[in-house]
2 protein chains.
Amino acid sequence: MQSTLRPELNDKLYLRDPQATDLGRKIIGESVRLIDEVGFEQFTFKKLAQHIGSTEASLYRYFENKHRLLVYLVSWHWAWLRYQIQYHTHNVPDPAVRLRTMLGIVTRAHQDHAATTHLDEAALYRIVVAEASKTYLTREVDAVNRDGFYREYKLLAADMVAVVLEINPAFPYPHALVSTVLESARKQLFFAQHLPSLADAPDKAKAEDSVLLFLNHLVFAVLTN
Amino acid sequence: MQSTLRPELNDKLYLRDPQATDLGRKIIGESVRLIDEVGFEQFTFKKLAQHIGSTEASLYRYFENKHRLLVYLVSWHWAWLRYQIQYHTHNVPDPAVRLRTMLGIVTRAHQDHAATTHLDEAALYRIVVAEASKTYLTREVDAVNRDGFYREYKLLAADMVAVVLEINPAFPYPHALVSTVLESARKQLFFAQHLPSLADAPDKAKAEDSVLLFLNHLVFAVLTN
DNA sequence: TATAAATGATAGTTTTACTATTAAAGAAAA
DNA sequence: TTTTCTTTAATAGTAAAACTATCATTTATA
């Protein structure tokens with residue numbers, strides 16, 4: 001899986017490839033645990049260095065700053081989702097079934113436990129839910145976008161748009177629908193945990209299932225109307 | 001309008017009521033201009049103090065920190081939208097028409113130019129689009145929520161949920177639908193400006209109209225299915 | 001006019017987000 | 001096996017951010 005996923009990631013995301021060295025892999029693995037624990041705002045390179053027994057200066061040789069590291073982690077997640085989707089849909093002829101599978105994977109209701117990697121995927125997903133918006137809600141969006149840093153997300157969205165159009169070629173807002181669904185998947189999960197009156201998830205522990213039901217209902221109602 | 005809006009805002013949002021004093025109103029007015037200009041991350045109390053000819057220490061007497069100030073500004077916006085909605089829907093019998101009006105106001109395609117206040121509403125809306133998520137995407141969500149800081153947003157959402165249920169009382173995900181629409185309204189506008197491949201807004205200048213069309217399509221397709 | 005409250009001026013602290021320098025360690029090449 | 005290159009560690013330092021504290025002064029209020 002590693003060799004399948006790694007080369008996909010834009011090499012501008014980092015200064016030095018973190019997957020290529022021991023320290024680099026420690027940075028990735030431990031940053032996921034730390035950000036999940038303290039949140040992105042409280043997360044600093046200094047703390048991370050302490051956790052892995054290294055120094056701030058060394059970390060700066062891998063990532064320009066912590067924001068870039070976040071973009072890297074989130075991109076890794078999108079690439080990983082995309083891989084899972086391709087794996088589970090590549091020989092499914094019915095586009096509706098494929099879209100359903102996609103939604104399952106995106107909400108993580110359908111989880112792959114098989115190929116576990118060196119990083120804690122569940123923790124990474126929590127990070128994506130709580131922090132992914134911060135990758136683009138900055139003044140530097142346009143500059144960052146120009147460097148292709150949001151490629152993984154766009155590729156995932158494009159794959160879904162293709163299926164949407166296969167189901168309903170006349171649907172006039174495929175891009176908006178897909179990005180709304182992708183954003184909503186995370187937001188609804190976050191709301192279920194923290195602002196439950198904004199969601200419809202009666203059971204916090206099974207929030208992912210409720211969100212999946214909602215999104216399925218939403219998407220298929222819109223596309224078959 | 002001021003007297004209608006002001007008392008609605010949770011008084012825990014601030015340390016000293018900014019609407020009650022000259023300095024307070026300057027803080028609100030100028031912070032909207034500054035945040036719109038430099039973005040929330042680059043915005044500091046020091047810069048704001050310089051802009052209004054005051055000092056950092058004085059600003060800290062009004063707001064605990066810049067995050068609370070952002071929550072205040074965003075809450076003001078939600079309260080203001082809610083006021084507009086009530087004004088424009090209070091004697092409209094058809095819930096579908098009311099919902100349509102609500103969506104128009106929420107996307108700001110339908111604008112009220114009449115009651116202009118001491119703050120730049122267009123700038124505030126840009127702030128809401130780009131920064132509102134940051135009001136709840138923090139480690140302190142739960143604590144902040146306990147203090148009722150998200151009340152205005154929830155009230156707005158509740159109003160919309162009521163109309164949704166009036167149109168389709170059997171619809172199983174009214175809260176999720178409404179919060180998805182509210183979030184999507186902002187996100188799609190942001191995407192239209194910065195990541196256009198994630199939106200369906202051919203004309204950047206008229207993004208609000210495209211977003212409104214999309215949301216109307218989405219909501220009524222889902223509710224009448 | 002006395003008194004309280006709000007603001008301004010000034011200064012100081014801690015933390016963050018870096019950058020720079022030099023030394024040590026390890027790997028690869030000669 | 002020595003030389004050379006690259007990577008990391010250790011240490012130190014800077015500028016700015018995010019506050020807090022103190023006290024003088026202005027402004028409002030009783």
Side-chain angles (χ1 to χ4, degrees), chain A residues 11-31 34-35 37-73 131 134-135 137-140 143-144 149, chain B residues 11-31 34-35 37-73 131 134-135 137-140 143-144 149:
Chain A
D11 64 1
K12 279 186 184 166
L13 283 167
Y14 44 77
L15 261 25
R16 200 197 295 302
D17 184 358
Q19 302 290 357
T21 67
D22 214 60
L23 179 60
R25 284 181 294 265
K26 271 195 215 164
I27 292 174
I28 300 307
E30 190 58 31
S31 65
L34 234 193
I35 296 174
E37 191 194 324
V38 304
F40 185 64
E41 332 293 326
Q42 314 305 321
F43 166 82
T44 67
F45 273 10
K46 190 168 202 168
K47 288 179 190 166
L48 178 57
Q50 281 163 355
H51 275 257
I52 61 184
S54 181
T55 63
E56 245 181 308
S58 295
L59 307 194
Y60 276 106
R61 290 193 195 100
Y62 282 82
F63 292 99
E64 235 174 289
N65 52 52
K66 70 171 185 174
H67 184 261
R68 292 293 163 95
L69 170 55
L70 180 64
V71 175
Y72 179 92
L73 295 176
E131 324 282 8
K134 295 171 190 167
T135 59
L137 292 180
T138 42
R139 279 285 131 159
E140 300 94 46
V144 171
F149 287 13
Chain B
D11 64 2
K12 280 186 185 167
L13 282 167
Y14 43 77
L15 261 27
R16 203 199 292 309
D17 184 359
Q19 302 291 354
T21 67
D22 214 58
L23 179 61
R25 286 182 293 266
K26 270 194 215 165
I27 291 174
I28 300 306
E30 189 59 29
S31 65
L34 234 194
I35 295 174
E37 192 194 325
V38 303
F40 185 63
E41 332 293 328
Q42 314 305 319
F43 167 82
T44 68
F45 274 12
K46 190 166 201 173
K47 287 179 192 167
L48 177 58
Q50 282 163 353
H51 274 257
I52 61 184
S54 181
T55 64
E56 246 182 306
S58 296
L59 307 194
Y60 276 105
R61 293 194 189 99
Y62 281 83
F63 292 99
E64 237 174 287
N65 51 52
K66 71 172 185 171
H67 184 259
R68 293 293 163 94
L69 171 55
L70 180 64
V71 175
Y72 179 92
L73 295 176
E131 324 281 8
K134 295 171 189 167
T135 58
L137 292 180
T138 41
R139 280 283 130 158
E140 300 93 45
V144 171
F149 286 13

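First the proteins, then the strands, lettered A, B, ... as listed; each starts at 1.
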Whole angstrom value for the distance that separates [atom2] of [N] from [atom1] of [X]:
| X | N | atom1 | atom2 | value |
| --- | --- | --- | --- | --- |
| B/Gln50 | C/dA9 | CD | C1' | 14 Å |
| A/Leu15 | D/dT6 | CG | P | 16 Å |
| B/Leu34 | D/dA17 | CG | C1' | 15 Å |
| A/Glu56 | D/dT14 | CD | P | 15 Å |
| B/Leu59 | C/dA6 | CG | P | 15 Å |
| B/Phe63 | D/dA17 | CZ | P | 20 Å |
| A/Leu48 | C/dT16 | CG | P | 13 Å |
| B/Gln42 | D/dA18 | CD | C1' | 15 Å |

Judged by atom type as modelled, is there a donor-acceptor pair below 3.5 Å linking the side chain of A/Ser58 to the main-chain atoms of A/Ser54? no
Main chain of B/Glu37, side chain of A/Arg139: is a donor-acceptor contact present, judged purely on distance under 3.5 Å? yes
Determine the contact category for B/Phe45: base if any of its heavy atoms lies under 4.0 Å from a base atom, sugar-phosphate if only primed atoms, P, OP1 or OP2 are that close, otherwise nothing. nothing
Remember a base hit wins even if backbone is also touched, and classify B/Lys46 as base, sugar-phosphate or nothing at under 4.0 Å, heavy atoms. nothing
Which pair of heavy atoms, one from [X] and one from [Y], lies closest together, and at what distance?
| X | Y | value |
| --- | --- | --- |
| B/Phe45 | B/Glu56 | C-CG, 4.0 Å |
| A/Ser31 | A/Leu73 | OG-CD1, 3.7 Å |
| A/Tyr72 | A/Gln19 | OH-NE2, 3.1 Å |

Angle class for the B/Phe43/B/Phe40 ring planes (parallel below 30°, perpendicular above 60°, tilted otherwise)? parallel
Close N/O contacts between protein and nucleotides 8-10 of chain D (under 3.5 Å):
{"unit_1": "D/dT8", "atom_1": "OP1", "unit_2": "A/Tyr62", "atom_2": "OH", "d": "2.9"}
{"unit_1": "D/dT8", "atom_1": "OP2", "unit_2": "A/Arg16", "atom_2": "NE", "d": "3.4"}
{"unit_1": "D/dT8", "atom_1": "OP2", "unit_2": "A/Tyr62", "atom_2": "OH", "d": "3.1"}
{"unit_1": "D/dA9", "atom_1": "OP2", "unit_2": "A/Ser54", "atom_2": "OG", "d": "2.5"}
{"unit_1": "D/dA9", "atom_1": "OP2", "unit_2": "A/Ser58", "atom_2": "OG", "d": "3.4"}
{"unit_1": "D/dA9", "atom_1": "N6", "unit_2": "A/Arg61", "atom_2": "NH2", "d": "3.4"}

Regarding the side chain of B/Tyr60, the nearest nucleotide among C/dT19, D/dT20, D/dA17 is D/dT20
Write out all pairs satisfying side chain to side chain donor-acceptor pair (under 3.5 Å) with one or both partners inside residues 42-53 of chain A, taking only residues at least two apart or from two chains. A/Glu30-A/His51
